[in-house]
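Shown next, in structure tokens, is the structure this report addresses.
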Amino acid sequence: MDFKNAMVYTEDFRFRLGCFSVEKGRFTNVLGQERPEAVDLEGAYVIPGLVDIHTHGNSGADFSDADEPGLRRMAAYNARNGVTSFAPTSMTLPYEVLSKAFAVGRKVADTRAPGEARVVGINMEGPFFSEKRKGAQNAAYLQNPDLEAFTALNQACGGLIKLVDLAPELPGAAEFAKHVSKICKVSIAHTDCTYEQAVALLDAGASHLTHLYNAMPGIHHRTPGPIGAGSEREKVYAELICDGVHIHPSAVRMAFRLFPGRICLISDSMRACGMPEGESDLGGQKVYIKGRKATLADGTIAGSATNLFDCMTTAVSFGIPAEEALRAATWNPAHELGLLEEIGSIQNGKWADFVVCDGHFLRKKVYIGGEPV
């Protein structure tokens, strides 16, 4: 299928008027020679399908349920909302529970049905966390870094783990990062570490920060902590939950300045995303939803009830240039998953996953592999 007269968000993170084609599910002829029989998009904006690397659930389902219909329901909801690839994210739970969930992730990744977003990896969030900064994670299942357990889980799901999170101050964290960073991204998360401890983990191979600002020490001029350590290293990327609840708009703008070109917008969505207000759960703990805010019984902010597309448009409403917000929701997360040859931008040879929008990024149509959702 051929398309013309589109404002295409290209590999150089700019919008350019032109055409593109889809052949065998992949992009061809991007900004090439216009074909007369092409579908006229009448100046609509065409952006890559978004990539969510940190999402626990939606539509009443959670990845850690280890339920195939639930994960497929999550995939369909993401697809409808312009998120065409995602890495379902686990919680701090026993290894046997994680193993079952990861096996379901592998199956759905290998058997994507029409109308479903691609499962392109697993984000292993926990159990290697600090008790002090556990946030909404269940303290009963916290563990010290365990290379043997990680290896067994990753091998059992065919190497689908693309991100693993841990607190730098835990015993054996640096040694764990040294080995695991050769397999997937290692991310600083749920930590009370000092600047020096963060530096040690980054030097050992970590290169990612999980939901920046949340579940970690803030920046202080004498104790810059993990945020300071990550911001001064050009290869370190940072996640950001831009749901209008977790982070003040000024702090969102600050993050884009601290990590120029290295922010990954995430949803951190939970099963309540896409559902009515009321009671839900996260990792076996009760969660209460009101508007976009999700909290535990003690008032602790839990995951979000917002999808990545809405987080991206919220970032734009906070003053982030659209081109930067789009990069943070497409190219950057694809980079962190090691999948830039397949997804993350509109480029010849990549999967034809894209969203047709108006100038305000209101979705008109979503395509995955060139097929409408």
Ignoring hydrogens, what is the shortest heavy-atom contact between V30 and N348? Give both atom names and the distance. N-OD1, 3.0 Å
Test R35 against E23 for salt bridge (Lys or Arg N to Asp or Glu O under 4.0 Å), laying out the working first. CA-CA 14 Å; R35 295 169 182 174; E23 296 177 12; 3.7 Å; yes
Atom of R327, atom of P333 and distance for their closest heavy-atom approach: O-CD, 3.9 Å
Where D2 and S21 come nearest, the two heavy atoms and their spacing: OD1-OG, 2.6 Å
dist K162:NZ -> I122:CD1 (nearest 0.5 Å) comes out at 10.0 Å
Take E37 and K4 through the test salt bridge (Lys or Arg N to Asp or Glu O under 4.0 Å) and record every step on the way to the result. CA-CA 9 Å; E37 71 280 9; K4 65 181 179 180; over 6 Å; no
Would you indicate whether the side-chain heavy atoms of V180 and L147 approach each other to under 4.5 Å? yes
S269 side chain to G57 backbone, donor-acceptor under 3.5 Å: yes
Residues which pass side-chain hydrogen bond (donor to acceptor under 3.5 Å, both in side chains) with R363, listed by chain and number, not counting sequence neighbours: N81
With sequence neighbours left out, which residue pairs that include part of residues 79-104 fulfil the salt bridge (Lys or Arg N to Asp or Glu O under 4.0 Å) condition? none
Indicate whether the side chain of S304 and that of S267 have a donor and an acceptor atom separated by less than 3.5 Å. no
Without swapping roles, check the side chain of R233 against the backbone of V199 for a donor-acceptor pair under 3.5 Å. no
For the pair R26 (side chain) and G349 (backbone), establish whether a donor and an acceptor sit closer than 3.5 Å, ignoring hydrogens and angles. yes
Side chains of D192 and S130: donor-acceptor distance under 3.5 Å anywhere? no
Any side-chain heavy-atom pair of L337 and V51 under 4.5 Å: yes
Donor-acceptor contact below 3.5 Å, side chain Y213 vs main chain A251: yes
Flag the pair D65 / R271 as yes when at least one side-chain heavy-atom distance between them is below 4.5 Å, and no otherwise. yes
Would the F128 and F150 ring centres measure less than 6.0 Å apart? no
Any link between F27 and F15 through a network of hydrophobic side chains (Ile, Leu, Val, Met, Phe, Trp, Tyr) touching at under 4.5 Å? no
Identify every side-chain donor-acceptor pair in residues 313-325 under 3.5 Å, counting partners at least two apart or on other chains, and give the distances.
unit_1	atom_1	unit_2	atom_2	d
T313	OG1	F309	O	3.4
T313	OG1	D310	O	3.0
T314	OG1	R292	NH1	3.3
T314	OG1	D310	O	2.8
S317	OG	T314	O	2.6

Backbone N/O of C264 and side chain of N332: donor-acceptor pair under 3.5 Å: no
Within 6.0 angstrom of Q33 CD, more than 12 heavy atoms from elsewhere: no
Would you please indicate if the ring centroids of F354 and F3 are separated by under 6.0 Å? yes
Are a donor atom and an acceptor atom from the side chains of D62 and H56 found within less than 3.5 Å of each other? no
Examine H246 together with H211 and report whether their ring centres are nearer than 6.0 Å. no
Taking every heavy atom of S85 against every heavy atom of A117, the minimum-distance pair comes out as N-CB, 4.2 Å
S187 (side chain) donor-acceptor with D165 (main chain) under 3.5 angstrom: no
Heavy-atom check, side chain of M254 versus side chain of I227, under 4.5 Å: no
Under 3.5 Å, is there a donor-acceptor pair linking the side chains of E11 and S345? yes
Is it true that a side-chain atom of T89 and a backbone atom of A87 form a donor plus acceptor pair closer than 3.5 Å? yes
For the residue pair L240 and V252, what are the closest heavy atoms and their distance? CD2-CG1, 4.0 Å
If you compare all heavy atoms of H190 against all heavy atoms of A167, which two are closest, and at what distance to 0.1 Å? O-CB, 3.6 Å
D353 side chain to G369 main-chain N or O, any donor-acceptor pair under 3.5 Å? yes
